Amino acid sequence: MSTVKLLSPSCSTGMFGKVECRQSVSSHSPAVENLGFSKLRGTNVAKSYRSPRSLVLFHDRAKLNLRKPIKAKEYTSAFFIDDRKCSRKLLKPIDAKNDSEPSCTDNSAALSGKSFRKMSNIGNSTNILWHECPVQNRDRQQLLQQKGCVIWLTGLSGSGKSTIACALSQSLHSKGKLTYILDGDNIRHGLNRDLSFRAEDRSENIRRIGEVAKLFADAGIICITSLISPYQKDRDACRALLPEGSFIEVFIDVPLHVCEARDPKGLYKLARAGKIKGFTGIDDPYEPPRGCEIVLQQKGSDCKSPKDMAEIVISYLEKSGHLKA
Ligand SMILES: Nc1ncnc2c1ncn2[C@@H]1O[C@H](COP(=O)(O)OS(=O)(=O)O)[C@@H](OP(=O)(O)O)[C@H]1O
Ligand SMILES: Nc1ncnc2c1ncn2[C@@H]1O[C@H](COP(=O)(O)OP(=O)(O)O)[C@@H](O)[C@H]1O
């Protein structure tokens, strides 16, 4: 590991997983920060810049022969890389050595990853700092031999969301794939117990579950959500939280009269009798998905079993590469 040091006290701490060496000083992205000039293992660096995960070193002559990762370090062995306030300070070498792995003993800040991010204000949260860990999504994917994603099941009450979610989870489990179901009914027993079925509460229900699902997907898990999620804009907002291709929207397309005939909980009967107000499909809207990845239809003579429907989703996952790392 190559170690560089600032002459004056650090502003923040950090470690870089990626070191790039370039010839031209002019071709850096506007997102990166100027760290000044540095001298590493006897090599003069014309300029050095950082982006959130990488350190870019510009030099005049031969390429620097650096092994990854690189970290900046001060006398006290606290890791640091300069931030904007210190951008004009000079970097000088104190010790240039090669390690194959980041050291855990130097300082907890080494692993905190808090160094290269700016303080943020998000919603009502002020002065917050993103926390990165060297163990990343790709490492978890390797471990699990699958790609985390969100399978978003949407449809009317009684359309079969929970049943299909279970069939899907069972089938994937038997193939050695890790899944987790976030079921609307279940989450409303805990995390979302404060929410009603008013439009804004349904939106908040979906937003929170979308955020939780995103965390599961980042953990490498195939997260299956089972929510009515009646509004397109809320589903689109959840899609926007995930990387491209990781949000798989599945419409359980079962006509209202079929759901009503099933009525496993007796809720349609209560809604028709006016004893439940704002029931989806009766006196509250359901917006069918536009342009979703999969439609599972239960119409007329086209009656597939929950297991068959789960298999349609699994063949999609196989084709999209989610069942391998
Ligand atoms: N007013 C009203 N409208 C629709 N559904 C109702 C309502 N009141 C209670 N329930 C029961 O709550 C379950 C739906 O919860 P969700 O969290 O999936 O709903 S939503 O996505 O926030 O619209 C739903 O479960 P499922 O039948 O599994 O869909 C119902 O059992
Ligand atoms: N593919 C299917 N074919 C026939 N019946 C189904 C199918 N999927 C679910 N069902 C039945 O429909 C009812 C409602 O299913 P459920 O999974 O509870 O729906 P939801 O979670 O959408 O409210 C249950 O009685 C279930 O056995």
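As the structure is a computational prediction, the values presented were derived from the model and not from experiment. All ligand and atom numbering here is 1-based and tracks the order in the structure. Here, residue 1 is the first one in the sequence, and each next residue gets the next number.
An N or O contact shorter than 3.5 Å is missing between L227 and ligand 1 by distance. Annotation: G278 places an N or O atom under 3.5 Å from an N or O atom of ligand 1; distance criterion only.
The closest heavy-atom contact to atom 3 (N) of ligand 1, among the options R188, R202, R262, K161, comes from R202.
Using a 4.0 Å cutoff on heavy atoms, D185 counts as a contact of ligand 1.
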Would you tabulate the side-chain donor-acceptor contacts of residues 210-226 under 3.5 Å, counting partners in other chains and residues two or more places apart, or write 'none'?
residue, atom, partner, partner atom, Å
D218, OD2, R140, NH2, 3.3
S226, OG, S162, N, 3.4
S226, OG, D183, OD2, 3.2

Without placing hydrogens or testing angles, list every side-chain donor-acceptor pair under 3.5 Å for residues 312-325, not counting sequence neighbours.
residue, atom, partner, partner atom, Å
S315, OG, E311, O, 3.2
S315, OG, I312, O, 3.0
S320, OG, Y316, O, 3.0
S320, OG, L317, O, 3.2
S320, OG, H322, ND1, 2.7
H322, NE2, G245, O, 3.4

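Side-chain contact of W152 with S229: a donor-acceptor pair under 3.5 Å is present, judged by distance alone. Residues Q145 and Q141 bring no donor and acceptor atom of their side chains to less than 3.5 Å of each other. Side-chain atoms of S169 and Y180 include no donor-acceptor pair closer than 3.5 Å. In the model, R202 has no side-chain atom that pairs as donor or acceptor with a side-chain atom of S196 under 3.5 Å.
Nearest protein neighbour of atom 27 (O) of ligand 1, counting heavy atoms only, is S157 OG, 2.5 Å. The protein atom (non-hydrogen) at minimum distance from atom 22 (O) of ligand 1 is N205 ND2, 2.7 Å. Among protein heavy atoms, atom 11 (C) of ligand 1 sits closest to F197 CZ, 3.8 Å. Of all protein heavy atoms, the one lying nearest to atom 26 (P) of ligand 1 is K265 NZ, 3.2 Å. Counting protein heavy atoms only, atom 21 (O) of ligand 1 is closest to S229 N, 2.8 Å.
For the pair S246 (side chain) and L242 (backbone), a donor-acceptor distance under 3.5 Å is absent.
Atoms of ligand 1 lying under 4.0 Å from at least one heavy atom of T280, given by number and element, are 3 (N), 4 (C). Close approach of ligand 1 to G158 is summarised as follows: ligand atoms under 4.0 Å from at least one heavy atom of the residue are 27 (O).
Ion pairing between a basic and an acidic side chain is recognised when a charged N comes within 4.0 Å of a carboxylate O; R208 and D194 show such pairing. Ion pairing between R198 and D201 holds under the 4.0 Å rule for side-chain N and carboxylate O.
Here P230 has side-chain heavy atoms under 4.0 Å from ligand 1, and that is the only part of it that gets that close. Here L267 has side-chain heavy atoms under 4.0 Å from ligand 1, and that is the only part of it that gets that close. For I228, heavy-atom contacts with ligand 1 shorter than 4.0 Å involve the backbone as well as the side chain. At a heavy-atom distance under 4.0 Å, atoms from both the backbone and the side chain of F279 approach ligand 1.
The cluster map of Ile, Leu, Val, Met, Phe, Trp and Tyr, joined by side-chain heavy atoms under 4.5 Å apart, puts I209 and L153 in different clusters.
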D185/K265 under salt bridge (Lys or Arg N to Asp or Glu O under 4.0 Å): CA gap, chis, key distance, verdict: CA-CA 12 Å; D185 263 326; K265 302 171 194 162; 2.7 Å; yes
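For R188 and F197, the positive end sits near the middle of the six-membered ring, less than 6.0 Å away and at most 45° from its axis.
The side chain to side chain contact (heavy atoms under 4.5 Å, CB included) search around Q298 returns V254, R262, C303, M309, not counting sequence neighbours.
Each of L156, S157, G158, S159, G160, K161, S162, T163, R262, P264, Q298, K304, S305, P306, M309 has a non-hydrogen atom positioned under 4.0 Å from some atom of ligand 2.
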